[in-house]
Amino acid sequence: MLAHDLRMMRQEKEILLMTHIVLGYPNFDDCLRVIEGMVEAGVDLMELQIPFSEPIADGPVILRANQSSLAAGATVDQCLEFAESVTRRFDIPFLFMSYYNILFKYGVEAFSQKMSQIGMAGAIVPDLPPEEAGAYLAAMARYGLAPIFIYSPNTPETRMRMIADSADGFIYCVARKGVTGAGTEFSTDLEAYLARCRAATDLPLALGFGVKDKDDVDFLRGRVDIAVIGTQTIRVVEQQGVGAVGEFISRLR
Amino acid sequence: MLAHDLRMMRQEKEILLMTHIVLGYPNFDDCLRVIEGMVEAGVDLMELQIPFSEPIADGPVILRANQSSLAAGATVDQCLEFAESVTRRFDIPFLFMSYYNILFKYGVEAFSQKMSQIGMAGAIVPDLPPEEAGAYLAAMARYGLAPIFIYSPNTPETRMRMIADSADGFIYCVARKGVTGAGTEFSTDLEAYLARCRAATDLPLALGFGVKDKDDVDFLRGRVDIAVIGTQTIRVVEQQGVGAVGEFISRLR
Amino acid sequence: MDDRGNARGYYGEFGGSFIPEILVATFDELTAAFSEAKADPEFWARYAELMSTYSCRPTPLTFCERLTKHFGGAQIYVKREDLNHTGAHKANNVMGQGLLVQRMGKTRVIAETGAGQHGVATATMAAKFGFDCTIYMGEIDVERQRPNVFWMERLGATVVAVTDGTRILKDAINEAFRDWVTSMDDTHYVLGTACGPHPFPEMVSYFQSIIGSEARDQIRAQTGALPKRIYACVGGGSNAMGIFSAFLDDSEVELIGVEAGGRGLETGEHASRLACGDASVGVAQGYKTYFLQTDDGQMRETHSVAAGLDYVGVSPILANLRDEGRVRFESATDREVIDALALTLKMEGLVPALESTHAFVQAFKEAPNLSPDDVIIINQSGRGDKDIFTVADAFEDPKWREFIKRKAEEYDAGA
Amino acid sequence: MDDRGNARGYYGEFGGSFIPEILVATFDELTAAFSEAKADPEFWARYAELMSTYSCRPTPLTFCERLTKHFGGAQIYVKREDLNHTGAHKANNVMGQGLLVQRMGKTRVIAETGAGQHGVATATMAAKFGFDCTIYMGEIDVERQRPNVFWMERLGATVVAVTDGTRILKDAINEAFRDWVTSMDDTHYVLGTACGPHPFPEMVSYFQSIIGSEARDQIRAQTGALPKRIYACVGGGSNAMGIFSAFLDDSEVELIGVEAGGRGLETGEHASRLACGDASVGVAQGYKTYFLQTDDGQMRETHSVAAGLDYVGVSPILANLRDEGRVRFESATDREVIDALALTLKMEGLVPALESTHAFVQAFKEAPNLSPDDVIIINQSGRGDKDIFTVADAFEDPKWREFIKRKAEEYDAGA
Ligand SMILES: Cc1ncc(COP(=O)(O)O)c(C=O)c1O
Ligand SMILES: Cc1ncc(COP(=O)(O)O)c(C=O)c1O
């Protein structure tokens, strides 16, 4: 379903924009205002990160956002409630992003059911490779949700195909080694990698890690379907305030 | 010679008194005044201790006296000069007491010669057992000096006799285990030990370590020839001043 | 040691490999290199030779005559991992991984450390092999364990104080993973205990199994029989797996893991994951096991007087052995540990690390009820003189305090 | 080791027994007990067994690949006495004397200590054997070496701070003798090095000879030949005698003793008795040897960054081997020692004690001039982590200072 929706959206736009926020950071009210700003500015889909105490794949900016949200008392239930209110209000696909323990402790079946009830489109779980994802895949399928999986520059082609078999919605291609938040070189290496990704799957492709401005988005136009702006939006909020988000996004495309 | 002199003195007195001072402590002038007081009060012979940095057989009082004298700059030459002036002035036998290194570094031959020149009667060297004393014995004999050796309560009879063969002047019987300056019980054990000493040698016997008052001296009367008052005189000087020494000594006998 | 995990490193329902995609290739490479090494008899021979010429393997098995008399029950033997170079069983693991790094042609190692022991061991290994070395350590631990940081730096390692999260061991692990996802081409992550994603639990246990295989031979040579019980403390589980593994098939040998009871299980301030019901199954730091976590799945703060036991997770292999009933789990409180340390010092002249002393506590509780014909082994995973700041504080030694104050004054005067 | 001293313990003109009469019987008893023990093959077997089950003998002989490459000359091997229980070769001596004490039926031991190593070793032995234990330590050393004092006390020993004399090692020795002349019926004085009255130099060397006999076998097994040179630091001389003794008859093996050069031989602030002309023959602390003394025969103050080398006298056996030309003596300055320690840490992951590092200094000076076919052995008498206060000061580590200041503030706040 998500894949289909995205393909439809791509009919309208050369490249889609996906942004990332950490739920409860700096607080739920600001999250809402950020989402408002982003949707108004034309963001096409969004990752809502449920904070986790051990965000192993995240760099310092998102890591601290996770901690700060937890320290302020954010719970999984609050995140689910908040997400429900957001999906009601805004007509773009929303995805959860979190680590597997959050789903596991909630119960993978129950979590999927809940996601579907509250209108989420799918989830990104960076520490859950397809090999470990049996129960998760079954439950996500049962509730018509998109399990987003990840490609990385060192993923071999056979594995890319195996991943594509498990994935739905789109494939999240990480631009480079490392965690979120560091710079990426938008180079011919990246181009070759994206070509490999393209060859391995028919699903839409998103590219994230290090996308920060219009130049980056321009580079990606025609090469992937979705540009993911993660850390950079958090930085904008931190440095320029919630109000600056809309303008930042509108300038990207 | 010393043995003979002592035997003569014993004709006059039931028991002789030997005292001990550390040269240069608290200073040479006070040493002289202490000697004056002692001789006047009837002391029969004296040990003059040349201070050494490692007085292994001495207890805390004499140990600190050694250190203090050295810290004030006392040298072996000063001690020798001082001893010379003392033997000139006072007509009792004087002995050196020191550790072997003082003699060894000076040269055992040269030291003996010097002792004889300055009118000393002999020496007590508590860390020099007869087995190590070959050169010392030869030199002391050459200059007619008395090498005083020591008996202790755990010295076997055969060894007592061996020691007596090397010794001259008298035998210094230590009253008990331990170092100088601690209390001694004047008991039947001591009596038995002194009987063993008496049986092992014809030399006069001195008893030291822990002799501190008239009772102790009374106990020794008839059992040994010489009562040695070492640490106690230093304590009297330290606590009551140089002037108190004469009176202390006169009350002992 | 036989490999009881399956190909994805599952032990019952525990273990696995929950890692970011970017690391999958690295783990594949590592798993392959480790499998190859294990299959190569030369490799273990080189490992054993290295450990016998650089550390002092076989480490002795010491009979504790006076403690045995004191408790009047079982004969007490102690396996002396404290005599290893750098003072703990951690040496076994790092030197083994060092050989593997050499085999893989990498030139840099990274590691996490809590107590500092594993950091010192890794820095030592790196110096010996000529690898670059970065050690991640929670900021709080850096402050608590300054002596170890000092030695790591002198050994040539870069010590990075991790200022995120709770600033202790688990955060150092996260940070090491963050380094690794960037640097894996030339860098190996030397994980310090039998935790983490497959193949680490198996690999660390494999290198540590040298403890148990020696101990098994030694106890039979020295007493003619197998022990009745074996006690080991459990932080991540590597020393316990090390000594237990050789006895897993000896069903007559009871295996007891002792966790940190901290201020008492009832206070919640502890690090007992298997000895009480406070932990639940979860997935974090790349593997599935019992974690001390909230209902939401957030990791909780833990507490132990022994920094090396103060960890939220536990070896998946041990979690499975607990659920299978093969290993019994107990806990020892901080107070009990200090008392047992005092006794062991006075009665045997042994100075177990605070971590190791947890195993002594439980052995002391049980020894009196065993027969003088019974033999027990305590694994002394490390030596305690590294812990002087903690131990002196625990004993509330006033002269130590005076000494530190005087030192500080000297430094003030000099600065 | 063959006994090269005569019946009164003379080695050439050195040695002997210059003791108060009250101790003669005690020394006779000790000499007899030691002779009997030596003649009893069971005794050495028990000793070797104790050292292999309580400490980790044989200690390894480690090849230093990176240092060897770095200097580009001789192959450098290190004998690892640092891996002994309590961290130094001192364990060999105390455990041997402990067995002798048991044999003589005594129940209390006393010892002197300077660095604290021998005190910790003796307190450990006493705990293991169940002896009462008193350790004499100069007041200045008590203050400098508080960590060791802390452990001695925890091991159950009474530590007496000696406030007389220069308040360092030699004064502690004097004080131990003063205890002994009172207590000899039930007490043995565990002298810590190959000095003092006969039979101590011979006896301590005998127990320490286990180092050399192992090293001789090991170097032949590992390289097929004898070493060209052997380096050992020399405080009292026990670790040097320990490793040298097995090679005395191998005239092709050059033996090098390295003394404390302190702030430089020319400054007079050192503890070199045999490597320079500052010392002269004398008699003190019960034996004849070279002492650093004044013309009057008063002992001088000495200096070394390594507390264990900071001693006025030296083993009479070594004094004789020097005069016979069998052992060459050199010295290493404090500065050279710190530099060599830094290098050894970074290149090999070894942490020699500051004492031991003196031997490394001289080996490093000579290794480049030897051929790659030549093999040399350095005796690493102990480990350096006990020296953290001294080493951190020597490296002027600012973070260490901050740590200590913070600790002091904590204590101030708590007190
Ligand atoms: C001496 C010692 N023992 C035990 C542990 C706990 O680790 P593990 O359970 O992996 O043996 C540590 C960890 O630092 C340690 O230093
Ligand atoms: C580690 C170490 N090495 C060497 C020495 C010096 O003693 P010796 O010359 O007797 O080996 C000491 C003395 O404390 C020491 O602790």
Side-chain angles (χ1 to χ4, degrees), chain B residues 50-60 63-64 66-71 74-79 98-106 108 111 125-133 149-156 159-160 162-163 171-182 209, chain D residues 7-10 13 15-29 162-167 169-185 187 196-198 280-289 291-301 312-313:
Chain B
I50 305 177
F52 180 48
S53 56
E54 321 299 311
I56 211 166
D58 284 299
L63 164 60
R64 268 167 227 148
N66 273 260
Q67 283 162 17
S68 158
S69 171
L70 290 174
T75 63
V76 173
D77 282 341
Q78 280 177 345
C79 292
S98 195
Y99 290 83
Y100 186 51
N101 202 45
I102 298 297
L103 287 70
F104 180 81
K105 279 292 284 183
Y106 197 94
V108 168
F111 194 86
V125 187
D127 65 344
L128 189 69
E131 292 90 338
E132 301 284 0
F149 282 95
I150 291 171
Y151 284 176
S152 75
N154 60 3
T155 310
R159 183 171 171 84
M160 280 188 173
M162 182 277 278
I163 292 172
I171 297 280
Y172 189 128
C173 306
V174 304
R176 51 159 175 78
K177 295 176 207 160
V179 289
T180 54
F209 281 38
Chain D
R8 285 202 52 81
Y10 269 95
E13 63 164 313
S17 179
F18 297 81
I19 51 174
E21 179 59 27
I22 191 86
L23 281 179
V24 168
T26 307
F27 273 89
D28 286 348
E29 179 196 7
V162 177
T163 55
D164 293 309
T166 43
R167 298 176 293 142
L169 177 59
K170 70 175 181 56
D171 311 286
I173 294 179
N174 295 340
E175 208 54 33
F177 273 114
R178 290 190 190 104
D179 178 317
W180 210 17
V181 297
T182 315
S183 63
M184 64 283 211
D185 289 345
T187 298
H198 176 68
S280 61
V281 179
V283 175
Q285 308 205 307
Y287 68 113
K288 187 191 272 192
T289 192
F291 286 99
L292 287 163
Q293 54 181 331
T294 66
D295 290 344
D296 264 8
Q298 312 296 354
M299 297 301 127
R300 277 172 38 189
E301 290 204 19
V312 288

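Chain letters run A, B, ... following the sequence lines, proteins first and then strands; every chain starts at 1.
- Neither the backbone nor the side chain of B:Ile50 comes within contact range of chain D, judged by heavy atoms closer than 4.5 Å.
- Using a 4.5 Å cut-off between heavy atoms, D:Thr294 contacts chain B through its backbone alone, with no side-chain atom that close.
- Take D:Tyr287 and apply the ring pair (Phe, Tyr, Trp, His ring centres under 6.0 Å) test, not counting sequence neighbours, and it matches D:Phe291.
- Here the closest non-hydrogen pair linking D:Thr26 and D:Met184 is OG1-CG, 3.0 Å.
- Within the 4.5 angstrom heavy-atom criterion, no atom of B:Pro156 approaches chain D.
- Note: B:Lys177 leads B:Lys177, B:Arg176, B:Arg64 in heavy-atom pairs under 4.5 Å with chain D.
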Please step through side-chain contact (heavy atoms from CB on, under 4.5 Å) for the pair B:Tyr106 and B:Ile102, ending with a clear verdict.
-> CA-CA 6 Å; B:Tyr106 197 94; B:Ile102 298 297; 5.8 Å; no
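- Of the listed residues (B:Asp58, B:Ile163, B:Leu128, B:Asn66), the greatest number of heavy-atom pairs within a distance under 4.5 Å of chain D belongs to B:Asp58.
- Heavy atoms closer than 4.5 Å to chain D are found in the side chain of B:Leu63, but not in its backbone.
- Only one option out of B:Tyr100, B:Tyr99, B:Phe104 pairs with D:Phe18 in a ring-ring contact (aromatic ring centres under 6.0 Å, His included); it is B:Tyr100.
- Taking the side chain as every heavy atom from C-beta outward, B:Pro129 and B:Ile150 never approach each other to under 4.5 Å.
- Residue B:Phe149: no heavy atom, backbone or side chain, is found under 4.5 Å from chain D.
- For the pair D:Asp171 and D:Asp164, the minimum side-chain heavy-atom distance is 4.5 Å or more.
- For D:Asp28, no part sits under 4.5 Å from any heavy atom of chain B, backbone or side chain.
- Both the backbone and the side chain of B:Glu54 come within contact range of chain D, each with at least one heavy atom under 4.5 Å from a heavy atom of that chain.
- At least one side-chain heavy atom of B:Leu70 sits under 4.5 Å from a side-chain heavy atom of B:Ser53.
- In terms of heavy-atom pairs under 4.5 angstrom with chain B, the leader among D:Ser280, D:Gly286, D:Ala25, D:Gly165 is D:Gly165.
- Using a 4.5 Å cut-off between heavy atoms, D:Val281 contacts chain B through both its backbone and its side chain.
- Screening D:Glu175, D:Lys170, D:Arg167 for a side chain to side chain contact (heavy atoms under 4.5 Å, CB included) involving D:Val162 leaves a single residue, D:Glu175.
- Looking only at heavy-atom pairs under 4.5 Å with chain B, the residue among D:Ile22, D:Leu23, D:Ile19, D:Val312 that has the most is D:Ile22.
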